[in-house]
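Everything numeric here is computed off the predicted structure, so don't read it as measured data. Remember, it's 1-based here, ligands and their atoms both numbered in the order they're listed. Starting from 1, each residue takes its place in the sequence as its number.
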Amino acid sequence: MPSNFEVQKTEIIYMKEIRMVDLSGQYQKIKSEVDTAIQEVIESTAFINGPAVKEFQADLEKYLGVKHVIPCANGTDSLQVAMMALGLKPGDEVITTSFTFIATAEVIALLGLTPVVVDVDPDTFNIDPNAIRKAITPKTKAIVPVHLFGQSVDMDAILDIANENKLFVIEDACQAIGADYKFLDGTIKKVGAIGHVAGMSFFPSKNLGCFGDGGAIFTNDDKLAEQLRVVVNHGMTVRYYHDYVGVNSRLDSIQAAVLKVKLKYLDEYIKARQAAADYYDNAFKDHPKLKVPTRAANSTHVFHQYTLVTKDLDRDEMQKFLMANKVPAMIYYPVAMHMQKAYQDPRYKEGDFPVTEHLQKHVISLPMHTELDEEQLGYICSKVLEFANR
Ligand SMILES: Cc1ncc(COP(=O)(O)O)c(C=O)c1O
């Protein structure tokens with residue numbers, strides 16, 4: 001028998017195709033439940049704001065331990081609506097990370113707010129609290145910590161900074177649903193239930209993904225929740241009376257019905273991702289050219305992505321080699337926020353954020369989902385090691 005890392009070429013023929021994300025395998029396991037839930041919505045014709053939306057909302061509030069879940073159309077909207085409901089105004093500065101998906105900074109810019117980006121911690125890839133302190137000015141109004149790849153930002157530090165400077169904390173929890181943050185006093189909270197408000201994405205490939213676009217906003221603040229509900233619904237307080245300029249951002253009932261079923265399995269899905277991450281860690285942890293993801297002491301890691309940092313090897317060649325060997329591998333993210341064409345700003349230049357700039361050249365993410373089996377993991381590891389040992 002070959003060991004896990006020495007899979008023979010002939011075996012590849014029989015191995016399930018390796019995908020970056022395998023939504024089809026996951027669906028097959030819950031097909032009858034999901035199909036029934038979707039069919040119920042179709043037969044009820046309550047496509048918008050139907051019972052499924054309210055039920056999912058209540059289930060998620062319970063799961064997260066958060067007072068209010070306000071469903072919306074996608075994760076990008078969740079962040080935009082949060083900023084609108086907080087009353088942020090053009091010219092207000094919002095501090096966020098230089099290493100994230102574009103949506104985080106996009107909504108800041110769209111609202112005419114000023115995105116202020118800061119560097120990240122080299123181990124967790126999350127926003128560096130010391131860098132935030134240095135970036136605060138009298139115009140700073142909010143911080144957007146992004147729980148990148150599935151692990152919480154150092155929220156003790158973020159809340160301290162926010163309290164000292166009277167800033168809003170808008171968590172971008174889009175990649176980290178289900179992650180637990182442990183405060184210095186021992187209290188444990190789910191990410192998204194910690195700041196003043198949080199944004200969540202249910203994009204299909206997310207840890208809790210629907211069958212299209214979906215999102216939600218979380219808050220423990222009753223007044224803010226009321227305002228969030230107004231903003232997502234055209235700024236409407238009483239039907240056809242619009243006191244604010246709002247948006248149309250709804251989670252449709254079919255998506256909510258899917259999410260309600262999948263939420264029951266979320267902890268199981270997280271365990272499957274963690275098991276795959278353990279397998280990868282075990283294969284790579286002692287390799288001098290591969291740095292496995294650091295697991296922060298104060299957070300669980302729900303592994304939205306499993307991201308290696310490479311050393312002394314050609315990362316782009318490695319990606320090509322893996323792809324040629326039928327192992328999908330992605331670069332999240334190849335361009336730092338301040339280097340994006342659309343976000344060029346005289347305040348920033350190449351070299352300003354050395355950690356992010358190093359990461360963008362050296363990170364590589366491996367397949368990560370709930371359906372990876374040992375044969376696939378063994379094969380992926382063997383190919384990564386084959387390249388790294390060259
Ligand atoms: C960190 C982060 N923020 C925001 C978003 C935006 O979410 P959506 O694609 O649902 O608009 C995503 C998802 O892609 C994300 O990963």
Atoms in ligand 1 with a heavy atom of [X] nearer than 4.0 Å:
X	answer
N74	10 (O), 11 (O)
V146	1 (C)
A103	4 (C), 5 (C), 6 (C)
T76	6 (C), 7 (O), 8 (P), 11 (O)

Side-chain donor-acceptor pair present, H362, E357, cut-off under 3.5 Å: no

Trace of the side chain to side chain contact (heavy atoms under 4.5 Å, CB included) decision for F99 with V363: CA-CA 11 Å; F99 194 54; V363 288; 4.3 Å; yes

Which residue and atom name correspond to the protein heavy atom nearest [atom], and how close is it?
atom	result
atom 1 (C) of ligand 1	D172 OD2, 3.4 Å
atom 16 (O) of ligand 1	Q175 NE2, 2.9 Å
atom 8 (P) of ligand 1	G75 N, 3.4 Å
atom 12 (C) of ligand 1	F101 CD2, 3.6 Å
atom 15 (C) of ligand 1	C174 CB, 3.7 Å

L111-V231 co-clustered via ILVMFWY side chain contacts under 4.5 Å: yes

Cluster overlap L251 with I70, hydrophobic side-chain contacts below 4.5 Å: no

Region of T100 that comes within reach of ligand 1 [heavy atoms, distance under 4.0 Å]: side chain

Derivation of the side chain to side chain contact (heavy atoms under 4.5 Å, CB included) call for D123 and R295: CA-CA 8 Å; D123 293 324; R295 302 188 187 204; over 6 Å; no

Geometric class of the Y333/F101 ring pair [parallel <30°, tilted 30-60°, perpendicular >60°]: tilted

Aromatic ring pairing F149/Y332, orientation class (parallel under 30°, perpendicular over 60°, tilted between):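 Correct class here is tilted.
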
K206 to ligand 1, any heavy atom closer than 4.0 Å: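 Flag set, K206 near ligand 1.
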
Option whose closest heavy atom lies nearest to atom 9 (O) of ligand 1, chosen from G214, G215, S201: S201

Aromatic contact, F218 with H68 (centres under 6.0 Å):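 No: the rings miss the under 6.0 Å criterion.
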
